[in-house]
Amino acid sequence: MKDLTMRTVYVNGVYLPEDQAQISIFDRAVLFADAVYEVTAVVDRKLLDFKGHMARLKRSLNEMDMDDVYSHDDLLSIHRALIEKNDLDEGVIYLQVTRGVADRDFDFSQIESTPGLFLFTQAKNLVKNSLAARGQNISLVEDQRWGRSDIKTVQLLFSSLSKTRAKKNGADDVWLYRGDEITEGSSNNAYIVTENDEIITRELSTDILHGITRNSVLNVARLHQMKVIERAFTIDELKSAKEAFSTSASGFVNPVVTVDGVPIGSGEPGTISKSLRQTYLQASLENAI
Ligand code: PDD
């Protein structure tokens, strides 16, 4: 009988039960975090913003001097096969491309293997998200990540450690700052809404990940005649904002209700954040593939 808790995953050309999937200890992903990844949301068995995720994957590979050997169509087929094989109604698909296998050496110019590829599914409730309904409690941490946060590498230890420590202290997540300005969240982009209903989020640079959800949400906001300003905002602006929210592929638009214990606005999920969540979802479901 089929074990329903056992997922089917994809590793380097084959579909396998998750407990049989393996990669080499010499894979550079293991030894150097030398790999890039994408996370794409699935709702009603369809992929949200898939084109955007694949375009960003291409960019990450390029910035890492990695070969782009997997085509958009092949990757789409693998995503769709995993949805079928795992009967995935709602959740995410994680994809990782590793530089490949080579004996340990900081210089990778002599690598001969082709890039590694693996994907797996995670079933999750994304649309009915209790955190989005309640609103997130955020704590602030100095951004000590490397200077190329725009590349979606698997080198995520700083954010992972910071989030775990913050959760131990009762928060839901961390937002990071450099100087007195917010960069982004541990795994999401960060926004405030001012008293004049302007939406402010940091401009694209090497300081932040160029969120695919960010791009879609800003498009939707502009389409609905909302004023969007792409610039850094300070910690003081955040604490005195009318609303704050984050965006990511798995969290969509996720309201923030406190920052380091200070209530944002009324201390409840804000009206604009809630309506952007609805309009973003509606628009991306219409374009889902
Ligand atoms: N994280 N900023 C960081 C540092 C991220 O890791 C992510 C995504 C985002 C939002 O990007 P997008 O809208 O394309 O998901 C911003 C994913 C979801 C993760 O690591 O699980």
Side-chain angles (χ1 to χ4, degrees), residues 29 33 35-43 47-60 63 75 79 90-97 118-126 129 131-132 136 138 140-164 166-167 172-178 181-191 199 201-221 230 232 244-254 256 273 276-277 280-281 283-284 287-288:
V36 297
Y37 76 108
E38 282 298 328
V39 175
T40 305
V42 174
V43 176
L47 297 152
L48 268 54
D49 287 328
F50 186 75
K51 237 178 155 174
H53 287 286
M54 292 306 104
R56 185 174 59 193
L57 175 65
K58 221 177 185 34
R59 179 182 183 276
S60 296
E63 294 296 319
L75 294 176
H79 278 78
E90 192 168 318
V92 296
I93 300 187
Y94 176 95
L95 169 158
Q96 184 176 136
V97 180
F118 64 84
L119 294 90
F120 58 83
T121 56
Q122 289 181 299
K124 285 182 189 181
N125 288 328
L126 303 181
N129 174 339
L131 194 57
Q136 307 172 84
I138 296 296
L140 301 181
V141 178
E142 188 182 0
D143 192 339
Q144 293 178 343
R145 300 173 302 169
W146 78 322
R148 291 303 307 271
S149 302
D150 58 314
I151 311 174
K152 202 163 171 61
T153 76
V154 301
Q155 195 221 88
L156 297 169
L157 198 52
F158 180 77
S159 299
S160 169
L161 196 57
S162 302
K163 179 167 181 172
T164 306
K167 285 194 85 161
D172 299 303
D173 202 351
V174 286
W175 280 13
L176 312 172
Y177 60 87
R178 290 218 177 107
E181 293 170 346
I182 301 297
T183 50
E184 60 181 330
S186 65
S187 58
N188 44 68
N189 291 116
Y191 306 73
I199 298 166
T201 193
R202 199 175 175 104
E203 73 277 8
L204 296 182
S205 71
T206 51
D207 292 341
I208 62 167
L209 188 76
H210 301 185
I212 302 306
T213 320
R214 177 188 182 282
N215 187 50
S216 300
V217 166
L218 295 189
N219 282 342
V220 161
E230 296 182 61
F245 62 88
S246 62
T247 65
S248 70
S250 51
F252 305 150
V253 176
N254 217 334
V256 168
S273 312
L276 262 182
R277 182 178 173 88
Y280 161 74
L281 243 173
S284 34
N287 296 317

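We count ligands from 1, going down the list as the structure has it; atoms in each ligand are counted the same way. These numbers were taken from a predicted model, which means no experiment stands behind them.
In this structure Ser159 satisfies the side chain to side chain donor-acceptor pair (under 3.5 Å) test with no other residue, sequence neighbours excluded.
Screening Leu48, Thr247, Val217 for a side-chain contact (heavy atoms from CB on, under 4.5 Å) with Phe252, the sole residue that qualifies is Leu48.
At a threshold of 4.5 Å between non-hydrogen side-chain atoms, the residues Glu142 and Tyr177 count as touching. Side-chain atoms of Lys152 and Glu38, non-hydrogen and from C-beta on, do get closer than 4.5 Å to each other.
For Arg145 (side chain) and Asp207 (main-chain N/O), a donor-acceptor pair under 3.5 Å exists by modelled atom type. Looking at Asn287, its side chain does come within 3.5 Å of a backbone N or O of Ala283 through a donor-acceptor pair.
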Could you list, one pair per line, each nitrogen or oxygen of ligand 1 together with any protein nitrogen or oxygen closer than 3.5 Å, giving atom names and the distance rounded to 0.1 Å?
from     : atom 1 : to     : atom 2 : distance (Å)
ligand 1 : 1 (N)  : Lys152 : NZ     : 3.3
ligand 1 : 1 (N)  : Ser187 : O      : 3.3
ligand 1 : 2 (N)  : Glu184 : OE1    : 2.6
ligand 1 : 13 (O) : Ile212 : N      : 3.4
ligand 1 : 13 (O) : Thr213 : N      : 3.0
ligand 1 : 13 (O) : Thr213 : OG1    : 2.6
ligand 1 : 14 (O) : Arg56  : NH1    : 2.8
ligand 1 : 14 (O) : Arg56  : NH2    : 2.9
ligand 1 : 14 (O) : Ile212 : N      : 2.8
ligand 1 : 15 (O) : Ala249 : N      : 2.8
ligand 1 : 20 (O) : Tyr37  : OH     : 2.7

